[in-house]
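Just below is one structure, and these are the notes that go with it.
Quick note on labels: first sequence line is chain A, next is B, and so on, each numbered from 1.
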Amino acid sequence: MPLIKNGEFADDNWILVGDEDELPADTPVIVSAARWQAERETLLGRNAPLGVKLEAGEAPELIADDLDRFQLVAVNFPAFKDGRGFSYASLLRDRYGFDGEVRAVGEVLRDQWSLMVRCGFDAFDVADGTKIDAFKEALGEFSHVYQATGDGKKTVWQLRHGG
Amino acid sequence: MYRYDEFDHTLVKERVTQFRGQVERRLAGDITEDQFKPLRLMNGVYLQLHAYMLRVAVPYGTLSGKQMHMLADIATKYDKGYGHFTTRQNIQYNWPALSDIPAILDDLASVEMHAIQTSGNCIRNVTSDQYAGAAAGEVDDPRIWSEIIRQWSTFHPEFTFLPRKFKFAVCGMNEDRAAIRFHDIGIEVVKGKDGAPAFDIYVGGGQGRTPMIGHLIGEAVPAVDLIAYLESIMRVYNMNGRRDNLYKARIKILVHALGAEEMKRQVEEEFVHVKEKGVVNLPEEEIARIRAYFAPPAYEALPDESSALNEAMADNKKFADWVKTNVAEHKADGYAIANISLKPVGGVAGDASDDQMHVMADLATQYSFDELRVTHEQNIVLAHVKKDDLFALWQGLEKAALGTPNLALITDHIVCPGLDYCALANARSIPISQEIAERFNDLDRQHNIGELKVKISGCINACGHHHVGHIGILGVDKKGTEFYQISLGGSADENASVGDILGPAFTEDEIADAIETIVETYIKIRQEGERFIETYRRVGKEPFKETLYATH
Amino acid sequence: MAQHTNTRATTQAVTANRLLDGEVVYFTADGTWSDWLKDADVADGKEACAALLAKAEPSVAAQQVVEPYLFEVAVEDSAIVPASVREKIRMAGPTIRLDLGKQAASI
Ligand code: HEM
Ligand code: SF4
């Protein structure tokens with residue numbers, strides 16, 4: 001699957017490994033939260049970046065104390081209607097101050113990208129054939145926002161009063 | 001009333017462009033119906049039995065004469081010459097073509113209106129008290145806070161794919177005309193410690209198949225904290241609300257499962273963090289800016305008594321009847337609140353023709369500072385009419401068949417579209433409403449019965465509020481035939497209660513008789529001055545059950 | 001869904017709403033969609049019904065209609081009559097506004 005990061009296609013160096021898969025050597029891997037908890041020491045002993053994948057239902061609180069161990073958190077969307085991941089990204093950025101990559105994986109609609117960016121996602125696994133122009137267009141659909149999020153964008157409420 | 005500035009205008013216009021693109025992608029086959037459905041729903045576009053349906057937001061029910069004219073024009077140009085005013089204080093069109101909807105949205109945007117978030121699992125149009133700004137005893141105009149919530153909830157990045165739809169209602173005093181205890185979040189403006197407006201926040205009310213009364217979890221939350229508090233509730237719900245079962249996904253189920261105490265604890269824990277972060281501040285200047293739009297209109301200094309009104313009432317019994325039922329007290333001397341009933345006997349509750357909409361708009365311009373409100377009981381309100389003008393107003397209404405004098409009487413029903421329009425329906429609701437109205441058509445009889453709220457839904461989703469009707473009627477399907485179940489004793493006001501089901505359902509032919517039996521029973525057993533709901537609360541359902549099922 | 005497909009019905013036709021304007025349409029024997037139930041193809045028996053629906057399904061991907069489904073009908077004096085109130089109303093229009101919907105064409 002192509003990866004869009006910070007608004008452009010990017011090489012994806014990460015490998016998502018299943019809970020039963022062998023860990024490849026010296027390669028950045030993404031593991032489930034369960035595997036992280038079960039094999040914490042082994043994973044820390046590796047000599048490559050580490051990422052963790054949160055399923056819907058696994059709130060970031062689960063890994064909050066370990067966040068400085070991860071360079072990447074992937075948040076899975078089992079269905080586009082399942083919006084839990086929006087809150088997970090907000091919490092990762094605003095509450096826990098995570099500044100690594102937050103990647104949206106799973107079923108995501110074009111019309112969700114801009115909202116996701118506002119919540120703190122900076123990387124997206126997108127469907128084959130996705131055009132980068134479509135991504136940019138989707139992100140540019142709205143000039144202003146009413147809500148403050150961690151993305152630091154000035155809100156309408158601030159702009160109105162010279163903020 | 002509120003007016004868009006360049007920011008609001010830009011966003012609504014950009015939304016139309018976005019939706020136009022979504023429709024184009026759908027028609028070109030770039031996205032499937034499954035992918036398109038949530039997108040069209042978030043813009044108020046349903047597919048009903050006969051056609052698409054477009055639900056247009058009327059934020060907190062308030063609109064200008066110009067906006068009402070536009071609603072009429074849209075009905076003429078793109079629909080079949082009428083619109084349906086709903087319990088959500090919105091208007092629905094029953095026949096628009098999908099390919100026309102972007103153009104309709106353009107027309108709406110030109111008068112600062114839209115269909116944003118009128119459906120879908122997001123924060124829906126905020127509803128409020130139709131007497132806002134006009135009722136005596138109000139702590140603060142609830143529309144100020146409704147507008148703030150409207151802006152905050154519009155395209156909220158985190159809360160647009162919630163487990164289920166989410167409805168807010170706000171009222172500005174302890175007399176509740178907005179059914180706040182039957183909303184996902186209900187807000188009552190109260191006086192805070194410093195005398196400034198603060199908010200009592202109820203959570204987990206709702207109707208549908210499991211009616212529940214909301215729990216008070218936030219008491220006198222100060223204005224600076226309002227948005228942070230709401231964000232906290234929304235986040236707890238977004239993360240923990242059930243997503244495995246459509247019927248258990250509303251926040252009321254979460255609140256019920258956790259218990260109100262635990263819900264409150266989780267919200268407050270979240271609130272500490274949200275507030276500490278400080279990004280969701282509501283600036284004082286912004287509150288002041290929005291407040292200014294809802295400043296009281298320029299009332300004339302008038303004596304409270306109007307001799308013109310008294311004379312007209314003495315001369316004209318029909319007018320006097322209308323005043324008696326449809327006119328309410330206004331806080332300003334010499335002014336009154338006029339209710340326009342959209343429930344003529346033989347009509348369709350909540351429907352108005354394009355011509356009627358134009359008439360109401362013109363009358364609002366002439367007599368009520370150019371402003372109208374849609375009520376959750378599917379009527380229209382002109383909130384600031386001089387008592388001296390009431391007779392002229394009434395004459396104007398009468399000419400357009402809008403002078404029905406039945407507010408809150410037994411012929412003024414809330415009625416969902418039911419099986420005549422709705423794809424989810426089990427049974428028709430409108431013909432049942434018509435039958436009951438015809439049965440009780442005699443005005444003296446209606447007055448003798450007094451306040452009695454009949455509410456009818458065509459299925460368990462309860463769009464017609466049957467759970468909170470003094471008499472509630474629910475359509476059920478038995479092997480392809482329509483049946484109707486009766487409940488008694490519901491109430492949506494500050495003494496909120498859910499109705500009790502009486503017993504086995506009735507057929508279409510039996511239902512008007514059944515209602516008549518209930519009413520006759522009430523007349524027999526009521527005490528001096530007792531309303532139906534009070535009698536019911538005193539005696540319970542047994543006397544009604546006895547007479548009802550003895551005769552059947 | 002309420003008043004929807006009766007799984008035990010034997011005689012059925014296929015209906016949907018047209019994508020562009022939402023109009024109620026029926027699937028015909030020549031594989032097109034008609035506004036009128038009288039033009040509908042009627043299938044008898046479980047397999048024939050399933051085959052009829054399968055034949056109609058590609059119209060979804062072709063952006064012609066939305067949500068096709070089978071519904072029970074009876075053939076009386078060579079007229080096709082829907083079994084449920086719901087489908088009778090879809091075929092005609094709202095029962096409280098005879099000037100609206102397909103029934104309006106006959107007044
Ligand atoms: C015509 C298409 C409509 C559809 C498909 C529809 C669908 C639904 C559904 C599925 C529910 C149940 C929600 C739940 O329990 O989680 C519901 C509730 C409700 N709807 Fe509708 N509805 C429609 C029309 C209307 C109309 C015309 C009104 C206003 C008159 C309305 C107002 C409401 C209200 C007030 C509720 C109950 C409050 C609550 O959300 O718990 N709906 N609707
Ligand atoms: S209560 Fe049922 S029948 Fe009535 S509008 Fe709602 S979903 Fe349709």
query = Can you name the closest pair of heavy atoms from A:Leu115 and B:His156 and give their distance?
reply = CD2-O, 4.3 Å
ask   = CD/B:Glu6 to CG/A:Leu159 distance, rounded to the nearest 0.5 angstrom?
value = 9.0 Å
message = We want to know whether B:Glu14 and A:Ser143 form a side-chain donor-acceptor pair, criterion being a heavy-atom distance below 3.5 angstrom.
response = yes
request  = Please report the shortest heavy-atom distance between A:Trp157 and B:Leu282, naming the atom on each side.
outcome  = CZ3-CD1, 3.5 Å
ask   = Going through the distances and angles, do A:Arg95 and B:Glu276 end up as a salt bridge (charged side-chain N to carboxylate O under 4.0 Å, His left out)?
value = CA-CA 10 Å; A:Arg95 170 104 16 109; B:Glu276 180 186 79; over 6 Å; no
ask   = Does the side chain of B:Asn238 come under 3.5 Å of the side chain of A:Tyr88 through a donor N or O and an acceptor N or O?
value = no
request  = May I ask you to test the B:Gln35-A:Leu109 pair for a side-chain heavy-atom distance under 4.5 Å?
outcome  = yes
message = Check the orientation of B:Phe155 and A:Phe142. Use parallel for under 30°, tilted for 30 to 60°, and perpendicular for over 60°.
response = tilted
task = State, with a plain yes or no, whether a side-chain heavy atom of B:His273 is found less than 4.5 Å away from one of A:Asp94.
result = no
A:Gln147 versus B:Ser153, closest heavy-atom pair with distance = NE2-C, 4.2 Å
note = Heavy-atom nearest pair, B:Pro157 first then A:Phe86, reads O-CD2, 3.2 Å
ask   = Which bit of A:Glu107 is near chain B, if near means a heavy-atom gap under 4.5 Å: side chain, backbone, both or neither?
value = neither
request  = Start with the C-alpha distance between B:Asp30 and A:Arg110, add both sets of side-chain angles, then the distance that settles salt bridge (charged side-chain N to carboxylate O under 4.0 Å, His left out), and finish with yes or no.
outcome  = CA-CA 11 Å; B:Asp30 295 344; A:Arg110 170 198 188 280; over 6 Å; no
remark   = Heavy-atom nearest pair, A:Ser90 first then B:Glu158, reads OG-OE1, 3.1 Å
